[in-house]
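Please read these numbers as outputs of a predicted model, since none were measured by experiment. Just so it is clear, the values below take in all heavy atoms, side chains as well, and ignore hydrogens, waters and symmetry mates.
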Amino acid sequence: MIDHNRIRNFSIIAHIDHGKSTLADRIMEQTETVNEREREDQLLDSMSVEKAHGVTVKSRTVRNRYLADDGLSYEFNFIDTPGHVDFSYEVSKSLAASEGAILLVDATQGVQAQTVANFRLAKANGLSIIPVINKVDSPNADAEQVERQIHALDPMLAEEDVLRISAKTGQGVHDVLEAIVSRVPAPTGSTKEPLKALVFDSLYDSYKGVIAYVRLVEGEMEPGQSLRLMASGATFKGDELGIFTPSMQPIDSLHAGDVGYVVTGLKDPSQVRIGDTLTSQSRPTGEALPGYAPAEPMVFAGIFPKNGDSKELKAAMDKLVLNDSSLSCQPEASDVLGFGFRCGFLGMFHLQIIKERLRDEFGIEVLTTAPNVTYKVHLRGRKGGKVITIDKATDFPDYGDIDFVEEPFAKVDISMPGDVLGDVMQLAEQSKGELIDLGDDDQLVVATYKMPLSQIVYDFFNKLKSASHGYATMNSEILDYEPADVVKIEVDINYARVDALSFVVHREDAPRMAQDLVHKLKYTVPRRLYPMPAQAMVEGRALGRVDIPPLRKNAAVNGTSYSVSKKQALLRRQSANKRAAAHSDIELPQSVFNAILELNE
């Protein structure tokens, strides 16, 4: 057992693609946590989607042993964090188990939106911050300018010594390790106190049950000890304890300040809540840890199996929910798509990651319906005064029952070079943004907007990158709900309502989007032997209509001649019986749902 004063628990926080995973690789190499055979790029990014996108999705933990320049051996518990804005919940979980954070900034990019957001999270948690500039060996590096940006970020950083490194080559990484020793405080807490441990993450194993990732604040833990989760009340015997190296390695005990795992054996993952306090049954702690707020989904979408095998999808979604605490799912049934799930995501990138994980890890191809945000609908009539929360368009009540609707708004801070300000402001205004403030931060212009969350979650970030040539960054913060004039667009194909294609838009955008949608459906809906009308309906009126052409040529037209009798016969054949049968056998590919996402482009 190492001296309690020589334990250091820390995280690395950074904007996406600033080199966080590369620095983690160098730290593990220089502390000899991994040997030559085990070394690989993005070692802590174990999922295929993480390696494919070059981003961290799921936070990981690893224990390192470091022999410092003072001749003493230190225990480093490094808790990895994602950098993408959609996964800030994973960042908050990691920071709750740390005493310090390395604030990593790219020397070629400077301080960006997620840098600021993650720094604020770390500051709110009371962590010691070590500012580090990465990629100083790049020909485009401007370390002096970036150091000024870091010092101007917050008064607590104004006098901090900023380290300069190259995580790719290992230059300066030794100085970072020494800074962790000298600038990150040792954890407080005593092994003599009753056991108090924070559950900051979990993993589900089909043989071992739920494996809880814990940070011990007080006391100690040994295998076979009877334990209790204070919030859920679940009890179990912790038969196996361990640490991450980065693979799971069983050990004999965990003590105050340590980060590790405990095998609970519980088969119901809802009993192990993230942020819960773990204590001993025989000698429980008197007060639970404050924990932290659960993840709030920002985007909702339906997920349905392409091949109609809902049992396989259910098994896969159950496993994903166990291993991703920010994903929420409820069963959902659609007349057209069958049985699936209504899921809440932290953002569009989170939705994309889940879809790719279903394909790569479980071999399941899925259809995703058009995403939407949560609305508050105020009813009138007999239900006057009642407010219902809607997270899918099909649940919207009849327009005659609606008094008014409220939608969520967000404050968006956009940092950009001055020469792209005009293009970015034009984009924000097109997205119904209201300019709140315009200022400057060192050499960057910072524009603050209030805009509907529905305008942000789809592809505003991608459009922002295009408008600014990749130089603008953004950070969003949910404000509150405000009244909005929104309507539900419903889609009829062959006179049958396709509930999965319904979506909510602002009334002023409805005519244009209805026209655009039906013209896209003309080329994406699978054709049949007879023409099918596609209509976009709003409040009982058709705002757009096209005929999806048939597979065969029109029997009513033979060359240049025109036959009235053949046309009448054709109309009779494709009438009532075909239209009645169409209610249950319309098959829609993903391209149909993508057409809705492309309406704003």
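- No donor-acceptor distance shorter than 3.5 angstrom exists from the side chain of D395 to the backbone of I390, with no hydrogens or angles considered.
- Taking a cutoff of 4.0 Å between a charged side-chain nitrogen and a carboxylate oxygen, E482 and K450 qualify as a salt bridge.
- Taking all atoms of both residues into account, the shortest heavy-atom contact from V518 to G544 is CG1-O, 3.6 Å.
- Contact annotation: the side chain of K432 never approaches that of M451 to less than 4.5 Å [non-hydrogen atoms, C-beta and beyond].
- Taking OH of Y449 as the start and CD of E434 as the end, the distance is 10.5 Å to the nearest 0.5 Å.
- Within a 6.0 Å radius of CZ in F339, other residues, nucleotides and ligands contribute 12 heavy atoms or fewer.
- Residue Y523 places its OH atom among 12 or fewer non-hydrogen atoms of other residues, nucleotides or ligands, all under 6.0 Å distant.
- Here the CD1 atom belonging to I548 is positioned 10.0 Å from the NZ atom belonging to K522, to the nearest 0.5 angstrom.
- A distance of 10.0 Å separates CZ of R228 from CG of L278, quoted to the nearest 0.5 Å.
- D318 has a carboxylate O that lies under 4.0 Å from a charged side-chain N of K314, or vice versa, which qualifies the two as a salt bridge.
- Between the N494 side chain and the A496 main chain, no donor and acceptor come within less than 3.5 Å of each other.
- Under the 4.5 Å side-chain criterion, counting only non-hydrogen atoms from C-beta, K488 is in contact with E490.
- In this structure, the side chains of I388 and P397 come closer than 4.5 Å at one or more pairs of heavy atoms.
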TODO: Before giving the answer on side-chain contact (heavy atoms from CB on, under 4.5 Å), spell out for K463 and L427 the whole-Å C-alpha distance, their side-chain angles and the decisive distance to 0.1 Å.
DONE: CA-CA 8 Å; K463 289 181 179 179; L427 171 63; 3.9 Å; yes
Task: Step-by-step side-chain contact (heavy atoms from CB on, under 4.5 Å) determination, L153 to V111 - done: CA-CA 8 Å; L153 188 59; V111 171; 4.1 Å; yes
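- Side-chain contact between I478 and L453: present, with at least one pair of heavy atoms (C-beta onward) separated by less than 4.5 Å.
- L517 has its side chain within reach of F503: a pair of non-hydrogen atoms, C-beta onward, lies under 4.5 Å apart.
- Taking CG from L379 and CG from D403, the interatomic distance works out to 8.5 Å, rounded to the nearest 0.5 Å.
- Counted by atom type alone, T394 and S502 present zero donor-acceptor pairs between their side chains at under 3.5 Å.
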Task: From CA spacing to verdict: side chain to side chain donor-acceptor pair (under 3.5 Å), S11, S98 - done: CA-CA 7 Å; S11 302; S98 305; 2.9 Å; yes
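- Although no hydrogens or angles enter the test, the distance criterion places no donor-acceptor pair under 3.5 Å between the side chain of T277 and the main chain of A288.
- Taking all atoms of both residues into account, the shortest heavy-atom contact from A484 to E407 is CB-OE2, 3.3 Å.
- The shortest non-hydrogen separation linking V210 to V272 is CG1-CG2, 3.6 Å.
- Using modelled atom types, one side-chain atom of R380 and one backbone atom of G400 make a donor-acceptor pair closer than 3.5 Å.
- Here the closest heavy-atom approach between residue M317 and residue C329 is recorded as CE-SG, 3.2 Å.
- Inter-residue side-chain proximity for I354 and F345 is flagged as met; some heavy-atom pair is nearer than 4.5 Å.
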Open item on the list: What verdict does the side-chain contact (heavy atoms from CB on, under 4.5 Å) test give for K123 and L127, after you've listed the backbone C-alpha separation in whole Å, the side-chain angles of each residue and the deciding distance to 0.1 Å?
Closed with: CA-CA 6 Å; K123 183 181 178 183; L127 272 58; over 6 Å; no
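- Using a 30° and 60° split on the angle between ring planes, F396 and Y375 fall in the perpendicular class, above 60°.
- The line from CG of L521 to CZ of R545 is 13.0 Å long, rounded to the nearest 0.5 Å.
- Of the possible polar contacts, none joining the T448 side chain to the I436 backbone as a donor-acceptor pair under 3.5 Å is found.
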Open item on the list: The test is side-chain contact (heavy atoms from CB on, under 4.5 Å); show your working for I414 and V446 and say whether it passes.
Closed with: CA-CA 6 Å; I414 305 173; V446 181; over 6 Å; no
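- Summarising the geometry of R527 relative to P550, their closest heavy-atom pair is NH1-O, 3.3 Å, with the distance given to 0.1 Å.
- Taking CZ from R541 and CD from Q535, the interatomic distance works out to 13.0 Å, rounded to the nearest 0.5 Å.
- When atom types are taken as modelled, the side chain of T264 and the backbone of L266 share a donor-acceptor pair closer than 3.5 angstrom.
- Under the 4.5 Å side-chain criterion, counting only non-hydrogen atoms from C-beta, F341 is in contact with L313.
- Residues L367 and I303 form no side-chain contact, since every pair of their non-hydrogen atoms from C-beta on lies 4.5 Å or further apart.
- Between E365 and K355, no side-chain nitrogen of the basic residue sits less than 4.0 Å from a carboxylate oxygen of the acidic one, so the salt-bridge criterion is not met.
- Here the shortest heavy-atom pairing between I489 and V538 reads CG1-CG2, 3.6 Å.
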Open item on the list: Pair E406, H378 - check side chain to side chain donor-acceptor pair (under 3.5 Å), show working.
Closed with: CA-CA 8 Å; E406 292 181 306; H378 296 250; 3.0 Å; yes
